[in-house]
Every structure is written in C-alpha cells, then in structure tokens.
K.L.:
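Provided herewith is a single structure, encoded as structure tokens, for subsequent inquiry.
From a predicted model like this one, the values you see are computed outputs, not experimental measurements. Numbering of residues begins at 1 and proceeds along the displayed sequence.
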Amino acid sequence: MDAPPRWLNQEEKAAWDSFIRMQETLIGRLSRRVQADSGMSAADYTVLVSLTAKDDGRMRFLDLAKRVEWEKSRMSHQVTRMAKRGLVAREECPDDGRGAFIVATPAGYRAIEEAAPQHVEHVRRLFIDALTPSQLSTLGQICKRVLDHMDQQPD
C-alpha cells in the first residue's frame, strides 16, 4: 500500500513557492540579458561556462549533460546547434569508441569571454547586491545542504 502524500504545510508551501518564483524570475531575466548582450542563448552560455571551466576546455558528452542536468537528447540538439555556429566541436574519445568529447573552440572561448563580464554584472545587480554578506553565506550553506541531500536520493 502506498503511503499517503506528505502535503506541505503553510510555511513549507510559502517557502517553496517563494523559492520557485525567485528562481524562475532570476533565470528568466538573466537569460534575456545574456541573449540581448551577447546574442547567445542561456543554453549556449551554460554549456560554454561548463566547458571553459575545464583546463582543456573539454568534457565527455555524458559528463556535460549530467553537469547541466539535461537529458541526452537535449544536450545532443544543443551541441549540434553550437557546433554549426563554431562554438564547440565534437571529438571522438580515443579510449571509448562510443563516447565523444565536446570541446570549446576558439570562437567559443571568445564568445564566453565577451559575454561573461556583462553576465556577472547582471548576477551581481539582480542577486548578490540584494543580500548581505551574512545572508549570502547562509544561502550558500543552504544550497550546499540541499545539493548534498539530493546526491543521496535516487532520481
């Protein structure tokens, strides 16, 4: 027999609703700004940030998909679009014929280097500046706790 749902109480629902509204509003505004400022989609930016954070600018396809929490099909379509524009390239994995690396190209590096300063200014203006250093620290701890908790849960 299935357990009954554990409905949210009023305080839990208010916290959840506020979090979702904040997250959706923030991501929406940042996505629109990165598009307006650089011509890149938020998905382009997300992929390039992940790749260029690596020393060699490359990640295995499945590791990149997992990093950004996307399904394989979404990642495949995104990489195909970005490759057509010269922002990334696919490289075969020498030790795994079925695997592939996604690599930031010189054009991808230039695109992220041009977009990042404006993006970080928007992050600061819309998010960082709204919080005190203490609140920011607390939020960081809360986020880490939730992420660690999710790592312990099945998908």
Side-chain angles (χ1 to χ4, degrees), residues 8 12-94 99-153 155:
L8 303 180
E12 292 166 338
K13 185 175 182 333
W16 177 248
D17 289 347
S18 293
F19 168 77
I20 292 299
R21 176 92 172 107
M22 184 239 4
Q23 184 262 346
E24 289 175 345
T25 302
L26 180 62
I27 296 303
R29 288 186 186 187
L30 290 172
S31 296
R32 288 189 298 277
R33 289 304 334 151
V34 77
Q35 179 77 44
D37 293 343
S38 69
M40 274 195 292
S41 69
D44 293 340
Y45 191 88
T46 297
V47 168
L48 287 173
V49 164
S50 296
L51 291 174
T52 58
K54 299 290 185 182
D55 289 337
D56 58 358
R58 73 181 57 231
M59 290 181 76
R60 291 178 72 96
F61 176 87
L62 291 177
D63 292 340
L64 180 57
K66 184 176 181 180
R67 168 72 179 91
V68 299
E69 293 284 339
W70 291 350
E71 298 292 327
K72 289 188 295 186
S73 62
R74 179 179 180 189
M75 180 57 67
S76 181
H77 290 298
Q78 181 64 35
V79 166
T80 298
R81 286 190 296 271
M82 292 176 74
K84 285 180 183 174
R85 295 190 339 266
L87 299 173
V88 300
R90 286 182 190 258
E91 292 182 359
E92 296 303 316
C93 182
F101 284 103
I102 308 305
V103 183
T105 63
Y109 274 98
R110 281 192 303 278
I112 201 70
E113 288 168 358
E114 291 172 9
Q118 291 172 315
H119 179 73
V120 77
E121 185 54 39
H122 294 304
V123 169
R124 179 168 298 287
R125 182 177 56 81
L126 295 172
F127 180 73
I128 302 296
D129 290 349
L131 303 172
T132 66
S134 176
Q135 290 169 330
L136 194 59
S137 176
T138 300
L139 180 61
Q141 292 168 17
I142 291 168
C143 292
K144 181 174 181 345
R145 181 175 179 127
V146 171
L147 288 168
D148 290 346
H149 176 75
M150 284 192 298
D151 284 346
Q152 303 300 315
Q153 304 298 313
D155 280 345

K.L.:
Please collect all side chain to side chain donor-acceptor pair (under 3.5 Å) contacts where either partner lies in residues 104-117, sequence neighbours excluded, each pair once.
P.N.:
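Side chain to side chain donor-acceptor pair (under 3.5 Å) check on residues 104-117 returns no pairs.
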
K.L.:
Please set out all donor-acceptor pairs under 3.5 angstrom arising from side-chain atoms of residues 26-42, sequence neighbours excluded.
P.N.:
residue : atom : partner : partner atom : Å
S31     : OG   : I27     : O            : 2.7
R32     : NH1  : G28     : O            : 3.3
R33     : NH2  : D37     : OD1          : 2.7
Q35     : NE2  : G39     : O            : 3.3
D37     : OD2  : H122    : NE2          : 2.7
S38     : OG   : V34     : O            : 2.6
S38     : OG   : M40     : N            : 3.1
S41     : OG   : A43     : N            : 3.4
S41     : OG   : D44     : N            : 3.0
S41     : OG   : D44     : OD1          : 3.3
S41     : OG   : D44     : OD2          : 3.3

K.L.:
Just verifying a value: how many Å separate D56 CG and L51 CG, rounded to the nearest 0.5 Å?
P.N.:
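Going from CG on D56 over to CG on L51, the span is 9.5 Å.
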
K.L.:
To the nearest 0.5 Å, tell me how far C143 SG sits from R145 CZ.
P.N.:
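Rounded to the nearest 0.5 Å, the SG-CZ separation comes out at 13.0 Å.
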
K.L.:
Are the side chain of S137 and the backbone N or O of P133 linked by a donor-acceptor pair below 3.5 Å?
P.N.:
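No, S137 side chain to P133 backbone: no donor-acceptor pair under 3.5 Å.
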
K.L.:
Under a 4.5 Å cut-off applied to non-hydrogen side-chain atoms, are R90 and I102 in contact?
P.N.:
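R90 vs I102: side chains touch.
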
K.L.:
Quick one: side chain to side chain donor-acceptor pair (under 3.5 Å) pairs with a partner in residues 59-71, sequence neighbours left out?
P.N.:
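Qualifying pairs, neighbours excluded: R60-D96.
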
K.L.:
According to side-chain contact (heavy atoms from CB on, under 4.5 Å), who are the partners of I20, at least two apart in sequence or on a separate chain?
P.N.:
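Partners of I20 by the side-chain contact (heavy atoms from CB on, under 4.5 Å) criterion, ordered by chain and then number, come out as W16, E24.
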
K.L.:
Taking everything shown except R124 itself, do over 12 heavy atoms lie less than 6.0 Å from its CZ?
P.N.:
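Count not over threshold, so no.
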
K.L.:
Are any non-hydrogen side-chain atoms of M75 and L62 less than 4.5 angstrom apart?
P.N.:
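In short, these two side chains do not touch, never coming nearer than 4.5 Å.
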
K.L.:
Which residues pass the side-chain hydrogen bond (donor to acceptor under 3.5 Å, both in side chains) test with D148, not counting sequence neighbours?
P.N.:
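D148 satisfies side-chain hydrogen bond (donor to acceptor under 3.5 Å, both in side chains) with K144 only.
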
K.L.:
Below 4.5 Å, heavy atoms only, C-beta onward: do H77 and R81 meet side chain to side chain?
P.N.:
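Touching, per the 4.5 Å side-chain cut-off.
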
K.L.:
Where is the tightest heavy-atom contact between L48 and L87, given as atom of each residue plus distance?
P.N.:
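Taking every non-hydrogen atom into account, CD2-O, 3.9 Å.
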
K.L.:
Can you name the closest pair of heavy atoms from A115 and Y45 and give their distance?
P.N.:
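Looking at all heavy atoms of both residues, the closest pair is CB-CE1, 3.9 Å.
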
K.L.:
Drop me the distance from H149's NE2 to Q152's CD, to the nearest 0.5 angstrom.
P.N.:
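Taking NE2 in H149 and CD in Q152, the distance rounds to 9.0 Å.
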
K.L.:
Quick check: do L139 and F127 have side-chain heavy atoms less than 4.5 Å from each other?
P.N.:
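The answer is yes, as the side chains (C-beta and beyond) meet within the 4.5 Å cut-off.
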
K.L.:
Can you list the residues that meet the side-chain hydrogen bond (donor to acceptor under 3.5 Å, both in side chains) rule with T132, with sequence neighbours excluded?
P.N.:
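If we apply the side-chain hydrogen bond (donor to acceptor under 3.5 Å, both in side chains) test to T132, skipping adjacent residues, the hits are Q135.
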
